[in-house]
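Just so you know, these numbers come straight off a predicted model, no measurement behind them.
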Amino acid sequence: MEELVKVGMADLKAARHPSKLTTLGLGSCVGIALYDKTTKIIGLAHIMLPSSRIATVVTNRAKFADTAIVDLVDDMVNLGANRKYIIAKIAGGAQMFAFTPNSEIMRIGSRNIEATRLILAELKIPIASEDVGGNYGRTIAISSEDGMLMVKTIGSGIKYI
Amino acid sequence: MVALDFNTLNSFHLDVLREIGNIGAGNAATALAKILDKRVDMKVPQVRVMDFSEISDMLGGAETQVVGILLGVEGDISGNMMFILDLQSAQLLVNFLMGRPSKTDLDYDEITLSALKEIGNILAGSYLSALSNLTNLTIKSTVPGLAIDMAGAILSVPAIEFGKTSDFALYIENEFTDGLNSVIGNLFLIPDNDSCSRLLLALGVA
């Protein structure tokens, strides 16, 4: 039985086979799951904000889509992953509240999704599947066995993408 | 205004922030007791300066389904207020307001949702007016938004604002209980980074 390792908000982890990485209660944040099927190495990042350029000091690179994805790929390569075979599955980026005071907070989910897509494209990592947007929270888990991403919501239960 | 560095918050600062929670939530608890026509107790407020990874587990698990009511705070300070109820408490509160038997199942229709938002409005309003009187600052709340979903997903919304300037988030938490010691809900004041120092300054703490 592989161990289930938790990735927190503004956090990222890479792991060798056999393993399973999970992140709980994604709201407007985006979870980026990476998989290299040739080595079965997996990675998972839970980002809060689109770009590190808005920050004056970046002390936690896992917080931002741009820096987190680059670091996650590096961590996977360091474990032996093959950069050119890495694929991505993404989930999250919801708008949890229909009326929020500050329009910026309201749009943060979609901005996180946009930024994630952009960075993945720059790194030439294809997005194999995604479950993004909406107005509900998600828990996700990626397995090194087959690279399937489990997506769990309160409204519609569990599915694999 | 220099943003507050959470690393330099000392125990005196925390005491002052806790007192803010006491006064604000004391007023809110009184308002809630009037609505419910029964005693409402509150626990000693907690000032939580948290790493982002801790936030989602704050209310007994990131995946626990809760009702979250979010209001913006504006005026001389800015940030958010959030009232979180478990489903059972939401049911009790709404049924009480509607004059229905307490076990009546809630179908989260328009009326139920606006009743819940109104409760959030009243609590936030009374909290902030106490805070406003105390500090002489103008503080108002905006129209509430509501979500019924995973606690982690709901609590992360105000945290994102902190992410831009800091690696920590500050939540002033109050837990309300009824006379039988069952939890009614948790009320959070989440001032943004600048507002936290502004609040301390208004109270004469530099």
- request: Report, as yes or no, whether the 6.0 Å neighbourhood of atom OH on A:Tyr85 holds more than 12 heavy atoms from other residues, nucleotides or ligands.
  value: no
- prompt: Is it the backbone or the side chain of A:Thr153 that comes under 4.5 Å from a heavy atom of chain B, or both, or neither?
  reply: backbone
- prompt: Does B:Ile111 CD1 have over 12 foreign heavy atoms under 6.0 Å away?
  reply: no
query: What part of B:Ala151 is in contact with chain A, defined as an atom under 4.5 angstrom from a non-hydrogen atom: side chain, backbone, both or neither?
result: neither
Top contributor to chain B contacts, counting heavy-atom pairs under 4.5 Å, from A:Lys6, A:Lys63, A:Arg138: A:Lys63
query: Looking at B:Ala153, B:Gly152, B:Gly163, which has the largest count of heavy-atom pairs under 4.5 Å with chain A?
result: B:Ala153
message: Just verifying a value: how many Å separate A:Ile154 CD1 and B:Ile148 CD1, rounded to the nearest 0.5 Å?
response: 10.0 Å
message: Between A:Asn60 and chain B, with a heavy-atom cut-off of 4.5 Å, which part of the residue counts as in contact: side chain, backbone, both or neither?
response: both
query: B:Ile160 and A:Ser28: which non-hydrogen atoms are nearest, and at how many Å?
result: CD1-CB, 3.8 Å
Result of checking B:Leu155, B:Ile154, B:Leu146 against A:Met96 for side chain to side chain contact (heavy atoms under 4.5 Å, CB included): B:Ile154
message: To check you understand the geometry: which heavy-atom pair defines the closest contact between B:Glu63 and A:Lys152, and what is its length?
response: OE2-CE, 2.8 Å
message: Let me confirm one number: the CE-CZ distance from A:Met48 to B:Phe52, rounded to the nearest 0.5 Å.
response: 4.0 Å
query: What do you reckon, is CD of B:Glu118 surrounded by more than 12 foreign heavy atoms closer than 6.0 Å?
result: yes
